[in-house]
Each structure stands twice: as C-alpha cells, then as structure tokens.
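Below is one structure; the comments refer to it alone.
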Amino acid sequence: MGMQNAAAETSRTDEQEPDFQKSYLQTLTLVERLHRQLLDVIKDDLERHGRNDINSVQALLLFNIGDQELTAGELRSRGHYLGSNVSYNLKKLVEADYIRHERCDSDRRAVRVSLTQAGSDVREQLKTLFDRQLKSLQPVANVDQDDLDSMNTALMRLERYWEDHIKYRL
C-alpha cells in the first residue's frame, strides 16, 4: 500500500510540475516587468513636474536614502543597487546638487551621503506620487491590504531563496 501512495504522490507532483514551472516563470517575468514599469511611472511623474535633469533610477535612489546619512556600501548592502550603479548615480546626483557628500572622520575612504534640499524635494515628490497611488490602489486596481501582505510574504520568501541560492551555491 505504501508503494502505491508514493507512486500516486509522484504522479500528482509530475502533473503539477508544468503548472508550477509556468507560474514561476511568470513570476520572474512580472518582477522584471514591474520594476521597469515602476521606473516608467516615476519618469512620467518627473517629466510632469519639469524635472529633466534626473532619471527615475536616481529619483528612486533619493527616495530610498530619505532622511538618512548613508555610505554607498550601506545602500548596496540593503540590496537596492549594484555597486557600479550606485557609484555612478551618486556621482551624478552630487554633480546636480541633489546629494551632499562628506568623507567619514573614522575612515577617510568612506563617503557619507545625504539629501540636499533639492534631493528632499524629489523625495517628497515621489512620496506624494506613492501616496496618491495608494489611495486608488484598492478601488481602481482591486488590490487590498491582504493582497499586498500575501504578495510581500511570497516575494520575501523568493528573495531569501535567491540569496541562499547564491550564498550556498544551491
């Protein structure tokens, strides 16, 4: 009887595999597409406010820095950006006067960054955009708190899985 149960279980798994694979591949596509669309939404909002001197990646970087004073390494370690991407964009944001930077007293090689008033203005613009979207998310997109909580839980699990995949070479 045990062998029949094992065979039946294997058969159910084999039948589910194509659906599971299809769902996983769809998730990969959606994650990539949603990130690009988020950047497009931010770009559109920047253009509507006449901000043509900053791109959407840089604006999102300003939003994520917020009121904090951080190093490029801290931004990378939080998983927001790739190393060269952070360095390039921070340099551009310093040149455009959206970010100020100072060498750390304890480690002269490290540079701490914080937002200037112009950077804070962009951050506030994005906060207003996200707040406006939040108000219409449920009535327009039919996405509620439970949907977001469930999605966030699944995405955090996937993030952890990918981190472990790299860390432990799975």
Examine distances only and state if a side-chain atom of Gln68 and a backbone atom of Ile65 form a donor-acceptor pair shorter than 3.5 Å. yes
Closest non-hydrogen atom pair, [X] against [Y]:
X: Leu126; Y: Ala59; result: CD1-O, 3.4 Å
X: Leu60; Y: Ile42; result: CD1-CD1, 3.8 Å
X: Ile99; Y: Thr116; result: C-CG2, 3.7 Å
X: Asn142; Y: Asp147; result: O-OD2, 3.5 Å
X: Arg123; Y: Leu115; result: CD-CD1, 3.9 Å

Indicate whether the side chain of Gln138 and that of Asp144 have a donor and an acceptor atom separated by less than 3.5 Å.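 No, no side-chain donor-acceptor pair sits under 3.5 Å.
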Can you measure from CG (Leu134) to CG (Leu129) and round to the nearest 0.5 angstrom?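 Interatomic distance, Leu134 CG to Leu129 CG, rounded to 0.5 Å: 11.0 Å.
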Report yes if some heavy atom in the side chain of Asp45 is under 4.5 Å from a heavy atom in the side chain of Thr128; otherwise report no.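 Side chain of Asp45 against side chain of Thr128, heavy atoms only: no contact under 4.5 Å found.
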Chi angles and distances behind the side-chain hydrogen bond (donor to acceptor under 3.5 Å, both in side chains) call for Gln117, Asp121: CA-CA 6 Å; Gln117 185 57 53; Asp121 292 346; 2.8 Å; yes
Output yes when Lys127 and Asp131 qualify as a salt bridge under the 4.0 Å nitrogen-oxygen rule, no when they do not. yes
Side chain to side chain contact (heavy atoms under 4.5 Å, CB included) evaluation trace for Val111 with Thr71: CA-CA 6 Å; Val111 176; Thr71 66; over 6 Å; no
